[in-house]
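Reviewing the structure listed below.
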Amino acid sequence: MSATCAPRTPPSGAFEALDVATEAGGGEPDAHGDPGRLSPDGTWLLFTETFACVKALGSEIEGITWRFSLARMVDLGGGRVTVIIRPCQTIQAPLFGLSTVTPDAVEDGLPERYVSAFFGPTTAVASLETGSTFESVPDAELWGVHLSDPLTDELPGDPEDPRVYDVDGDGHPGATLVVESATGEVLCDRWLVHRAVSSWRGLQVSSTRVEGGGSYVGTESLFHASTSLCGSDSAVRFVDGLHRFVLLRVDGLSGAVDLDADGDGLVDCREVRASDPSVLFSMREPDDARCK
Amino acid sequence: LREVSIIVPNPFDRSAMRWPSLRLQLLLLSMVVAGGVRAQTLGVLGAGVRSSALASGGAALVDDYNSVFLCPAMMSFGPPSLGFGVMGGVNRLGIRLSERPAGYDRGLTLSGDGIELAERSSPPNPSDLVGFLAGGSNSLGIDWLRLGAIVYLPLIDVGRQDTYFADERESYFTNTLRQEIYGGNLSASQVALAAALRPFPWLALGVGVQIASRSRSDAAVLVPDPGDTSRQDLNLSVSTGAVLSPIGSVAASAWGGRLRLAAVFRDEVVLSVRGKTQGWLVGGDTLYPFEQSVVFVLGYTPRQALVSLALRMARFSLAADYEWQEWSRYRGAHGERAGFDDAWRASAGGELRPLEHLTLLAGFGFRRSPVPAQTGRTNYVDDDKYVPSLGAIYEFRMEGKTIEIGLFSQLHLARGRSVEKAPADGASPPCGSGVEELCDEDPLTSGLQTSNPGFPGFSSGGWVWVSGAQVTWRYQ
């Protein structure tokens with residue numbers, strides 16, 4: 001090259017344009033080079049971020065719950081899928097410096113849930129965006145209780161109720177959750193049954209990612225608290241419009257991330273927890289202003 | 001004024017997530033450091049009119065106080081001297097970034113009002129330079145001994161100390177590239193001291209030191225309430241010390257003083273800042289210790305070995321210089337391996353004395369850049385340089401002493417360079433310590449995701465023009 005009085009026109013580079021990506025799994029071309037095509041069969045990770053305003057000590061603060069569940073999707077044809085959900089991990093943002101921890105034993109004791117969902121342009125949000133839409137039917141997740149109608153039956157208030165069972169095998173009815181201080185000190189525990197009803201609507205943004213929002217309502221029936229701190233009953237208001245979900249393919253197909261660390265062909269909750277799934281998603285910080 | 005920019009790479013690290021704002025503030029404290037000197041200016045532009053007019057060469061020809069930097073031994077071949085000068089220049093080296101194809105930018109969502117990431121753009125030209133050069137040498141009445149000192153003080157960006165990341169991390173800050181060697185380092189002060197002796201009429205030995213600073217800044221912090229990280233009680237310990245970088249030289253004279261040979265060794269000069277923050281979080285009855293360390297390299301001149309040959313005749317002189325520079329030891333601003341190659345520069349020039357009191361000078365040099373093609377992760381920018389130069393010295397006698405008034409002009413013309421980042425052979429490796437290839441900042445997404453400001457390429461080129469004037473009193 002010869003001397004120049006100014007930099008030359010820079011080279012165009014050796015990289016072709018890609019589709020714009022956002023979070024993990026966003027926008028990458030699939031194995032067929034067509035980001036619009038999706039083969040739902042396989043293992044996905046369902047990430048949900050739900051918001052609630054908790055009233056205590058005269059003010060409302062925002063509580064966020066992040067859940068990570070394995071979602072095995074079965075294509076039934078015609079855009080219909082069955083999503084088999086296996087809960088793996090729950091993280092709750094601290095409230096007043098106190099964190100409610102859901103032990104792995106609770107997650108491992110929960111049954112799989114079969115949820116119907118639909119892909120295609122026939123859903124209610126079809127006109128909002130181009131691309132395939134996704135919609136799941138209302139789904140009730142129950143902790144430590146069997147109900148005839150999971151969506152509408154009242155939660156039992158008596159731990160001796162025959163519908164209540166020991167989900168984590170610790171000898172106490174229902175699920176046992178632990179409350180810790182900001183420094184990690186265990187302060188008390190709570191025995192309860194819990195129900196979360198959710199439904200999700202979103203868009204397929206790539207062959208490995210579906211995302212959107214939905215509705216979420218959680219209720220619980222507390223049987224026992226080891227201290228008065230854990231027994232306090234705070235008013236909880238779930239905030240529609242903020243809840244969101246992401247379905248991220250995690251079985252390595254279509255260029256997706258592969259969480260099958262042990263190479264046995266299956267992704268299980270142990271592998272999900274070991275991978276620190278929080279790094280796969282953007283997670284919002286609590287903002288009490290949203291509760292005002 | 002200290003300005004600091006910080007990345008917290010993994011906010012979802014539970015141990016880091018709890019007190020991110022605290023850690024940022026602690027790192028801010030650790031950056032309170034004293035200013036120092038950097039050593040680059042005289043090596044690039046030359047020391048004094050004669051050297052600058054010979055394309056930064058002439059180490060075996062110059063024998064006044066400028067030899068303190070060029071070749072200390074040569075001082076003892078010349079008379080004691082005293083002088084000062086000014087130099088100024090325009091830096092028009094530029095960088096142009098290639099347009100980035102769609103789909104590679106890592107999709108990050110900004111959380112918080114009033115916070116924006118800098119848009120990726122080509123950088124402005126580096127700062128122009130104006131500086132003041134002064135020095136002197138003295139024999140203490142001993143014919144075979146010389147002691148000397150030389151100081152270069154910039155008048156623009158005095159004490160400025162910038163660091164930046166030469167890879168994708170800079171996208172969070174300036175989001176552009178910089179000239180690595182011909183940037184801020186040309187606005188750096190420089191100090192050298194030397195002594196020379198001549199054991200034989202034909203042989204001279206010289207030793208000297210370049211002086212740089214090394215700063216240390218430690219902070220001790222107490223956070224009494226983990227729930228309120230805005231309150232912090234602290235102590236600060238700052239110290240700045242000098243680092244001496246040796247210069248060794250030997251010079252020989254033959255053929256009645258008409259032929260001179262000089263050899264010089266200059267050790268590397270590193271201006272660094274180190275610091276540690278140690279503190280306690282008080283959480284109820286429990287104390288939680290924490291600790292952070294920082295290392296910055298704010299200026300660097302490589303180890304150099306120089307040989308210079310000069311022929312001094314009645315009406316003209318000729319000089320040739322070759323300098324080897326051990327840039328392979330260079331570690332970037334954050335102490336990370338930069339991957340530079342060793343480099344060299346060479347120059348040749350001559351003096352012509354058409355009139356009794358007038359000397360005309362001209363030279364030409366070439367400087368090989370130590371920076372290899374930046375096809376991978378890093379974006380160090382530098383070009384080979386052609387260095388033509390001109391000068392004139394008028395001398396006259398006053399009260400038995402010789403006074404020289406000199407002018408020079410020097411051009412550093414970049415040999416333009418275009419850089420294209422190389423696609424990985426297979427999947428791009430995740431960004432991490434020790435990774436030298438263009439790396440993927442979001443390996444969980446299929447396809448390369450990078451915000452590296454040098455991606456997918458860039459071009460560099462331009463010029464630096466420097467001129468100066470100097471008055472020298474040769475008083476023996």
Side-chain angles (χ1 to χ4, degrees), chain A residues 1-31 35 66 91 93-94 96-97 99 181-185 206-209 248-250 252 254-259 275-285 287, chain B residues 10-14 17-18 92-109 111-112 122 226-227 281 283-284 286 288 375 383-386 413-423 438 442-450 455-463:
Chain A
M1 292 190 182
S2 58
T4 60
C5 289
R8 295 182 182 83
T9 301
S12 57
F15 293 81
E16 300 288 336
L18 297 177
D19 290 326
V20 176
T22 53
E23 286 184 29
E28 76 276 31
D30 65 7
W66 300 283
I91 301 172
F96 303 107
S99 300
S181 71
T183 57
E185 180 187 2
S206 79
S207 59
T208 61
R209 184 182 178 93
L248 182 70
R249 188 164 201 130
V250 293
S254 300
V257 60
D258 189 354
L259 296 185
S275 69
D276 188 5
S278 62
V279 302
L280 294 167
F281 309 96
S282 64
M283 296 162 65
R284 282 177 280 190
E285 293 275 356
D287 180 1
Chain B
N10 183 6
F12 299 112
D13 176 348
R14 295 287 170 242
M17 187 175 178
R18 199 173 294 272
R92 291 294 176 270
L93 293 174
I95 303 168
R96 294 177 65 183
L97 304 183
S98 300
E99 189 174 340
R100 181 176 291 170
Y104 293 92
D105 274 311
R106 187 181 179 191
L108 291 175
T109 303
S111 175
S122 298
L281 290 169
T286 307
Y288 297 89
T375 57
D383 302 284
D384 294 341
K385 299 287 193 308
Y386 300 106
L413 189 58
R415 188 184 187 188
R417 180 183 262 189
S418 293
V419 171
E420 289 187 8
K421 297 295 182 185
L438 182 65
D442 186 6
L444 298 173
T445 295
S446 180
L448 174 64
Q449 298 290 289
T450 178
F455 172 82
F458 59 88
S459 64
S460 58
W463 48 270

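Below, read A as the first sequence line, B as the second, and so on, with proteins coming before strands; counting in each chain starts at 1. A quick note: this is a predicted structure, and the numbers were derived from the prediction, not measured.
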Item to check | Non-hydrogen atoms of R8(A) and R417(B) that approach each other most closely | outcome: NH1-N, 3.9 Å
Next on the checklist: According to side-chain contact (heavy atoms from CB on, under 4.5 Å), who are the partners of P456(B), at least two apart in sequence or on a separate chain?
Outcome noted: F15(A), S98(B), R100(B), P101(B), R120(B)
Item to check | Contacts of D384(B) that satisfy side-chain contact (heavy atoms from CB on, under 4.5 Å) - sequence neighbours left out | outcome: F366(B), R368(B), S369(B), R415(B)
Checklist outcome for this item: When the 4.5 angstrom heavy-atom criterion is applied to A6(A) and chain B, the contacting part is backbone
Checklist entry - Looking at S122(B), S460(B), S459(B), which has the largest count of heavy-atom pairs under 4.5 Å with chain A? => result S459(B)
Next on the checklist: To check you understand the geometry: which heavy-atom pair defines the closest contact between E420(B) and P11(A), and what is its length?
Outcome noted: OE2-CB, 3.3 Å
Next on the checklist: Less than 4.5 Å to any heavy atom of chain A: does that hold for the side chain of L93(B), its backbone, both, or neither?
Outcome noted: neither
Checklist outcome for this item: In terms of heavy-atom contacts, C5(A) and W463(B) come closest through O-CD1, 3.3 Å
